[in-house]
Amino acid sequence: MARAMNQPDDIALSDRFTSSFLQEDVKTDEGFHFFESQNEHYSMWYPEGFYLQGEPPSYISKDHYELLNFYEDGADSNGIERHIQIRFSGELTPKLIKTDLSLLLDDFAYNDEYIELNHDSNKIYYGSSHKKMDGTEVITSSPSKHEANRHFALVVNKDETKSVTIAYRLNCIGQTTCEIETEKEKTFFETFINHIKFR
């Protein structure tokens with residue numbers, strides 16, 4: 001299903017910096033725009049309703065490294081605020097990719113749990129967890145026992161020379177319900193990671 005074009009209420013289109021990366025003539029599914037990275041090493045589907053932070057250190061673009069931070073335009077009706085961080089790395093080796101995966105699991109996974117799959121010419125390692133603060137300690141729980149509020153992925157090209165690391169955070173703001181629509185969030189994240197293409 002092709003999404004409706006030119007939605008003026010979408011911050012992805014109205015924000016000057018964010019919209020400079022989007023190509024409205026390339027069709028995507030509803031809820032996304034086509035995004036081309038500044039270093040031209042990859043493209044992806046960019047979610048509607050998010051803006052790209054344009055100032056360092058939230059945004060860095062070099063030939064073999066890129067850091068992007070997408071922020072949702074405010075919290076939703078359940079009090080959830082969404083943030084996506086993307087990190088592109090080039091000139092990699094299988095050993096470096098293994099190290100990146102290990103670091104990602106340390107930061108986001110529950111008991112190092114993840115799923116591995118091949119999609120088009122990419123290898124994808126992804127998973128989810130539930131994190132909450134208990135005083136100064138971060139408690140990580142299984143997404144099968146608590147609604148996942150963290151999703152993560154490492155997307156690697158077939159030559160294992162380039163990767164994109166994705167961290168998707170759902171943060172509870174204030175004293176609202178913060179009810180997470182688990183299947184909707186899972187579908188969104190899987191659609192997002194499945195449409196990263198390396199050049």
Side-chain angles (χ1 to χ4, degrees), residues 21 28-29 31-47 50 52-53 57-72 82-131 138 140-144 146-171 180 182-199:
F21 294 86
T28 63
D29 284 356
F32 293 92
H33 305 284
F34 187 81
F35 177 99
E36 185 81 47
S37 71
Q38 186 172 332
N39 64 22
E40 300 182 345
H41 284 301
Y42 65 99
S43 65
M44 62 185 168
W45 285 9
Y46 187 95
F50 286 75
L52 176 60
Q53 179 62 254
S58 290
Y59 176 79
I60 300 168
S61 184
K62 299 179 180 179
D63 185 44
H64 296 294
Y65 179 81
E66 193 162 79
L67 177 69
L68 311 174
N69 281 276
F70 310 158
Y71 295 93
E72 192 170 33
R82 293 166 180 83
H83 169 226
I84 305 172
Q85 185 175 78
I86 306 286
R87 191 179 77 247
F88 166 81
S89 300
E91 296 186 339
L92 295 176
T93 64
K95 184 177 180 180
L96 287 171
I97 288 169
K98 189 175 180 181
T99 299
D100 282 350
L101 177 59
S102 178
L103 292 170
L104 185 65
L105 295 176
D106 286 347
D107 285 344
F108 291 99
Y110 171 72
N111 285 350
D112 286 346
E113 292 177 1
Y114 67 93
I115 296 168
E116 181 179 334
L117 62 88
N118 293 301
H119 182 78
D120 291 338
S121 58
N122 295 338
K123 182 169 281 188
I124 302 176
Y125 309 87
Y126 76 104
S128 60
S129 66
H130 176 87
K131 287 187 178 283
V138 178
T140 304
S141 304
S142 169
S144 64
H146 300 274
E147 294 174 328
N149 60 8
R150 299 291 186 271
H151 296 266
F152 62 89
L154 177 65
V155 182
V156 181
N157 71 339
K158 63 180 178 181
D159 300 325
E160 296 190 305
T161 57
K162 299 176 182 179
S163 74
V164 171
T165 303
I166 306 102
Y168 178 40
R169 298 172 175 88
L170 293 88
N171 300 313
I180 295 172
T182 304
E183 285 305 312
K184 182 179 177 182
E185 296 295 350
K186 182 182 176 186
T187 299
F188 165 79
F189 189 70
E190 289 177 353
T191 301
F192 185 81
I193 63 178
N194 284 337
H195 287 89
I196 293 171
K197 308 288 185 187
F198 294 100
R199 303 293 169 83

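Without hydrogens or angle criteria, H130 side chain to E147 main chain gives a donor-acceptor distance under 3.5 Å. Here the side chain of N122 pairs a donor or acceptor atom with the backbone of I196 at under 3.5 angstrom. N69 contributes a side-chain N or O that, together with a main-chain N or O of S58, makes up a donor-acceptor pair within less than 3.5 Å. Side-chain atoms of T191 come within 3.5 Å of backbone atoms of T187 as a donor-acceptor pair (strictly under, hydrogens ignored). The main-chain N or O of F34 is never found under 3.5 Å from a side-chain atom of T28 such that the two would form a donor-acceptor pair.
Sorted pairs that involve residues 61-71 and meet salt bridge (Lys or Arg N to Asp or Glu O under 4.0 Å), not counting sequence neighbours, are lacking altogether. Here salt bridge (Lys or Arg N to Asp or Glu O under 4.0 Å) pairs that include residues 157-167, with residues two or more places apart or in two chains, number zero.
When all heavy atoms are compared, the tightest approach of R169 to F108 is NH2-CZ, 3.3 Å.
Aromatic ring orientation, Y46 versus F35: parallel (interplanar angle below 30°, classes split at 30° and 60°). The aromatic rings of F198 and F88 are tilted relative to each other, their planes meeting at an angle between 30° and 60°. Between F32 and W45, the ring planes are tilted. Angles from 30° to 60° get that label.
Between Y168 and F188, a ring centre-to-centre spacing shorter than 6.0 Å is recorded.
Taking NE2 of H64 as the reference point, atom NE2 of H41 lies at 5.5 Å (rounded to 0.5 Å). Expressed to the nearest 0.5 Å, how far NZ of K197 lies from CG of N194 amounts to 8.0 Å. T140 OG1 to Y110 OH: the interatomic distance, rounded to the nearest 0.5 Å, is 9.5 Å. Of the inter-residue distances, the one linking E190 atom CD with L117 atom CG reads 8.0 Å to the nearest 0.5 angstrom. Atoms CZ and OG, on R87 and S163 in that order, are 6.5 Å from each other to the nearest 0.5 Å. Note that CG of L154 and CG of L104 are 6.5 Å apart. Values are rounded to the nearest 0.5 Å.
Here the side chains of K98 and K95 are not in contact, with every heavy-atom distance at 4.5 Å or above. Counting only heavy atoms from C-beta outward, the side chains of Y42 and N157 never approach each other to under 4.5 Å. Two residues are said to be in side-chain contact when any heavy atoms from C-beta on lie closer than 4.5 Å; T93 and T161 fail this criterion. Between Q85 and L67, the closest side-chain pair of non-hydrogen atoms falls below 4.5 Å. Using a 4.5 Å heavy-atom cutoff, the side chains of F192 and V155 are not in contact.
The pair D107-R150 does not meet the salt-bridge criterion, since no charged nitrogen lies less than 4.0 angstrom from a carboxylate oxygen.
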Which is it for I166 and F189 under the side-chain contact (heavy atoms from CB on, under 4.5 Å) test, yes or no, and what are the steps along the way?
CA-CA 10 Å; I166 306 102; F189 189 70; 3.7 Å; yes
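Residues that satisfy the side chain to side chain contact (heavy atoms under 4.5 Å, CB included) test with E72, not counting sequence neighbours, are F50, R82.
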